[in-house]
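Before any comments, here is the structure.
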Amino acid sequence: MIPLSLLIMSLLLSCGGGILCLLLKRREGDIRLGGSGVGIAAALAGLGAGLTAIGAGQPAVLDAAGPYPFAHFVLRLDPLAGLMIAVISLLSLVAWIYGFAYVREYAGRGVGAMGFFMNAFIASMMLVVAADNAFWFLIFFEMMSLASYFLVIFDQDDEAVGAGFLYFLVAHGGSVLIMAAFFLMANQAGGFDFAAFRAHPLPAPLDSVAFLLAFIGFGAKAGMIPLHVWLPRAHPAAPSHASALMSGVMIKIGVFGIVKVGIDLLAASAGPAMLGWGLLVLAFGAVSSVLGVVYALAEHDIKKLLAYHSVENIGIILLGVGTGMIGMALHQPVLAVLGLMAGLYHLLNHAVFKGLLFLGAGSVIFRMHSKDMEEMGGLARNMPWTALSFLVGALAISAIPPLNGFVSEWYTYQALFAAALDGTPLVAFAAPIAAVLLALTGALAVMCFVKAYGIMFAGAPRSHHAEEAREAPAAMVAGMAVLAVACVALGLLAPLVAPVMGRIAAATIGAAPVTLAVGATLLPGDAQQATLSTPLIAILLIAMAFLPIGLKAAFAAKRGGDRKAAAPWAAGYLPDHHMPATAGSFAQPIRMFFAPLYTLRRAIAGRWTGIALGFERVVTLARRTEPLADRSVIAPIVGVVDAGGKRLQAIQGGDFRIYCLYIVAALIALLALAV
């Protein structure tokens with residue numbers, strides 16, 4: 001019960017921290033110190049809960065009566081939930097350290113409210129992954145969506161409010177689908193406990209209907225294509241440390257939900273349908289990975305670029321999850337464990353390097369007061385620690401060895417190759433295509449981050465702010481440093497991390513553990529298979545990268561005497577500071593090559609805009625042409641509604657802080673009932 005005790009301690013600290021932020025709302029210095037301190041303590045307790053749950057032999061379960069007779073309050077910490085809580089806690093720990101200095105940017109704009117919603121957001125995410133009852137799962141899922149919604153609209157400008165409204169619609173549309181899936185399972189099980197769902201399989205084809213509903217609902221939260229429309233708008237609108245949590249952790253709740261429903265709750269009832277589910281997840285993962293990075297390449301807003309890369313990496317995670325489901329359907333436990341382990345490993349890695357990149361972007365925005373990469377340039381001179389941290393994150397997300405992104409993508413390739421060799425003809429056709437698309441994704445990701453790092457940190461400054469920029473405060477640098485070290489450690493220590501991730505995957509599937517590492521050598525799933533030494537691959541690839549430098553140094557003496565210095569060729573013009581490569585020019589070849597995809601995106605966006613305008617026209621026309629007879633019928637109803645609305649206007653005064661208090665009261669009441 002140690003994991004549950006630590007989890008409850010973390011939740012209580014988060015609740016106390018949120019209340020403290022509200023009580024000290026007029027003393028922002030105390031909020032920064034006290035709120036960050038309590039948040040760090042809560043994160044450390046949560047990290048302990050997650051790590052002990054991963055190492056525990058049996059799940060820790062808390063079953064209480066709760067306030068509702070139809071829904072027991074059940075928390076269950078198994079290895080999968082422990083992994084999610086550990087990831088949430090790690091990112092929240094770094095976010096609180098970083099936020100100690102970063103929230104100065106919001107001085108006088110409601111830092112207390114921001115602290116409250118951050119605490120509510122973190123606590124609700126932990127409760128979602130620990131809940132073992134459908135009713136409470138949905139309650140906490142809604143709390144998570146609402147808390148993150150208020151973080152998205154915190155700036156209260158038109159873009160933030162619009163992004164928040166879109167996120168609100170998509171999130172709650174997904175919640176309705178998840179609710180429908182749970183109701184189908186609850187009707188069969190006769191209760192809302194997940195244990196009852198596991199014990200009472202759904203008959204075909206209801207099992208596939210439930211999975212599809214859950215897959216679409218959780219996929220909307222994960223941001224997979226085509227349900228990603230909210231993500232590139234909501235993540236840039238939120239404060240940077242909140243963006244790190246949303247991109248690094250919150251969208252993984254969607255992946256967690258897909259695994260929870262498809263592999264855990266419906267595993268007993270899936271049967272032959274599991275193969276179709278796995279292929280569906282694999283297909284959506286492949287498409288999301290490629291389109292996410294293609295759309296990222298066209299962006300000049302650094303936070304939108306990173307948001308699209310979240311879509312890409314969700315696709316890579318789904319490739320592993322889909323392969324694991326295919327292995328389960330084919331009764332190949334090694335393939336199932338290897339695939340799911342690859343997805344979970346990339347889930348952890350993406351949380352670390354994407355959190356690092358969002359914090360690095362936040363540090364640049366903190367000094368530049370702009371998200372446009374075209375206004376940056378040369379920042380490595382004035383912000384060396386931020387530049388180094390961002391570089392580590394860029395190399396990790398590009399899967400460059402020996403960093404963590406390379407290891408999880410290597411395992412994903414191994415899982416896809418194994419599926420192609422040992423699967424059915426349909427799987428043997430789909431898996432190689434997915435592997436090719438993953439390779440294309442990796443190549444485009446490298447190009448995208450060469451562009452991002454080069455335009456932001458290299459070259460000459462492109463604006464006055466870039467010339468005058470200075471290093472971020474120490475607390476922000478410390479937060480980035482923690483994640484940069486984690487990127488290196490999760491790569492170099494892969495022989496230690498991979499077996500742990502394999503045990504989590506095996507426990508989730510209910511299979512025997514699989515050998516994934518022997519000493520310093522990583523195995524592609526089984527000791528009997530041909531093995532590749534990841535350290536050797538890393539050394540060779542790094543040597544290849546430095547080969548041109550070595551050749552240049554070897555021949556420098558011979559060419560030194562003939563070297564001439566001259567101005568670069570600039571098509572007959574004198575070179576000046578307006579001529580360096582821009583973000584737009586760098587991505588122009590890719591934009592030309594993938595022009596049909598960009599055209600399709602613009603067409604879809606225009607179609608949705610046209611639908612909205614058409615709806616407004618229909619409403620306006622209906623009001624103008626309404627028959628007098630109908631008006632006489634509905635006039636009394638309109639009068640009653642109008643009178644009631646005027647009385648209710650007392651609670652709608654237009655003050656955003658009052659609205660925050662309403663949601664605060666609701667969240668406190670729900671948290672009090674839960675905890």
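Aromatic ring centres of F165 and F168 lie farther apart than the 6.0 Å criterion allows. Ring-centre distance between F137 and F182: below the 6.0 Å cut-off. F457 and Y453 have their aromatic ring centers within a separation under 6.0 angstrom.
Here the side chain of S288 pairs no donor or acceptor atom with the backbone of V311 at under 3.5 angstrom. Judged by distance alone, with hydrogens and angles left aside, the side-chain atoms of S389 form a donor-acceptor pair with the main-chain N or O of W385 at under 3.5 Å. D78 contributes a side-chain N or O that, together with a main-chain N or O of A81, makes up a donor-acceptor pair within less than 3.5 Å.
Between S89 and A43, the shortest heavy-atom contact is CB-O, 3.3 Å. The heavy-atom pair separating A469 from L379 by the smallest distance is CB-CD2, 3.8 Å. Between F449 and I397 the shortest heavy-atom distance is CE1-CG2, 3.3 Å. Between S240 and L359 the shortest heavy-atom distance is O-CD2, 4.3 Å. Considering all non-hydrogen atoms of both residues, P3 and A49 come closest at O-CB, 3.3 Å. Between A466 and N382, the shortest heavy-atom distance links the atoms O-ND2, 3.4 Å.
Using a 4.5 Å cut-off on side-chain heavy atoms (C-beta onward), M501 and L83 make contact. Put simply, the side chain of E471 reaches to within 4.5 Å of the side chain of T386, judged on heavy atoms. Using a 4.5 Å cut-off on side-chain heavy atoms (C-beta onward), Y167 and S148 make contact. Residues V364 and F390 form no side-chain contact, since every pair of their non-hydrogen atoms from C-beta on lies 4.5 Å or further apart. Side-chain atoms of S92 and F121, non-hydrogen and from C-beta on, never get closer than 4.5 Å to each other. For the pair T508/I504, a side-chain contact is recorded, criterion being any heavy-atom separation below 4.5 Å from C-beta on. Contact annotation: the side chain of L4 approaches that of L75 to within less than 4.5 Å [non-hydrogen atoms, C-beta and beyond]. Looking at V321 and L340, their side chains come closer than 4.5 Å, going by heavy atoms from C-beta outward.
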- Query: Where do K252 and V87 land on the side chain to side chain contact (heavy atoms under 4.5 Å, CB included) test, with the steps shown first?
  - Reply: CA-CA 10 Å; K252 310 303 187 339; V87 173; 5.8 Å; no
- Apply ring pair (Phe, Tyr, Trp, His ring centres under 6.0 Å) to H235 and W230, showing your working. CA-CA 8 Å; H235 287 194; W230 63 272; 5.5 Å; yes
- Start with the C-alpha gap between V61 and R76, add the side-chain angles, then the distance that decides, and say whether side chain to side chain contact (heavy atoms under 4.5 Å, CB included) holds. CA-CA 4 Å; V61 179; R76 184 175 187 266; 3.9 Å; yes
- Just do the side chain to side chain contact (heavy atoms under 4.5 Å, CB included) check on E299 and H309 with the steps written out, would you? CA-CA 11 Å; E299 291 296 336; H309 273 286; over 6 Å; no
- Please assess L93 against I40 for the test side chain to side chain contact (heavy atoms under 4.5 Å, CB included), listing each intermediate value before the final yes or no. CA-CA 5 Å; L93 171 66; I40 290 171; 3.6 Å; yes
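We find the CG-CZ distance between L265 and F194 to be 5.5 Å, quoted to the nearest 0.5 Å. With rounding to the nearest 0.5 angstrom, the CZ atom of F140 is 10.5 Å from the CG atom of L138. Between atom CD1 of residue I317 and atom CD of residue E312 there is a gap of 10.0 Å, rounded to the nearest 0.5 Å. Within the model, atoms NZ of K354 and OG of S310 stand 3.0 Å from one another, a figure rounded to the nearest 0.5 Å. How far SG of C487 is from CG of L357: 7.5 Å, rounded to the nearest 0.5 Å. If you take CE on M250 and CG on L231, they are separated by 7.5 Å, rounding to the nearest 0.5 Å.
The closest side-chain donor-acceptor pair between D63 and H72 falls under 3.5 angstrom. Defined by atom type and a distance below 3.5 Å, a donor-acceptor pair is present between the side-chain atoms of S363 and Y98.
Each of L127, T52, I2, L77 was checked for a side-chain contact (heavy atoms from CB on, under 4.5 Å) with L7, and the lone residue meeting it is L77.
Note that K221 lies in the cation-pi zone of F141, set by a 6.0 Å cut-off to the ring centre and a 45° limit from the axis.
Under the side chain to side chain donor-acceptor pair (under 3.5 Å) criterion, N349 pairs with N404, S408, sequence neighbours left out. The ring pair (Phe, Tyr, Trp, His ring centres under 6.0 Å) test applied to F135 returns Y68, F70, not counting sequence neighbours.
R198 has a carboxylate O that lies under 4.0 Å from a charged side-chain N of D132, or vice versa, which qualifies the two as a salt bridge.
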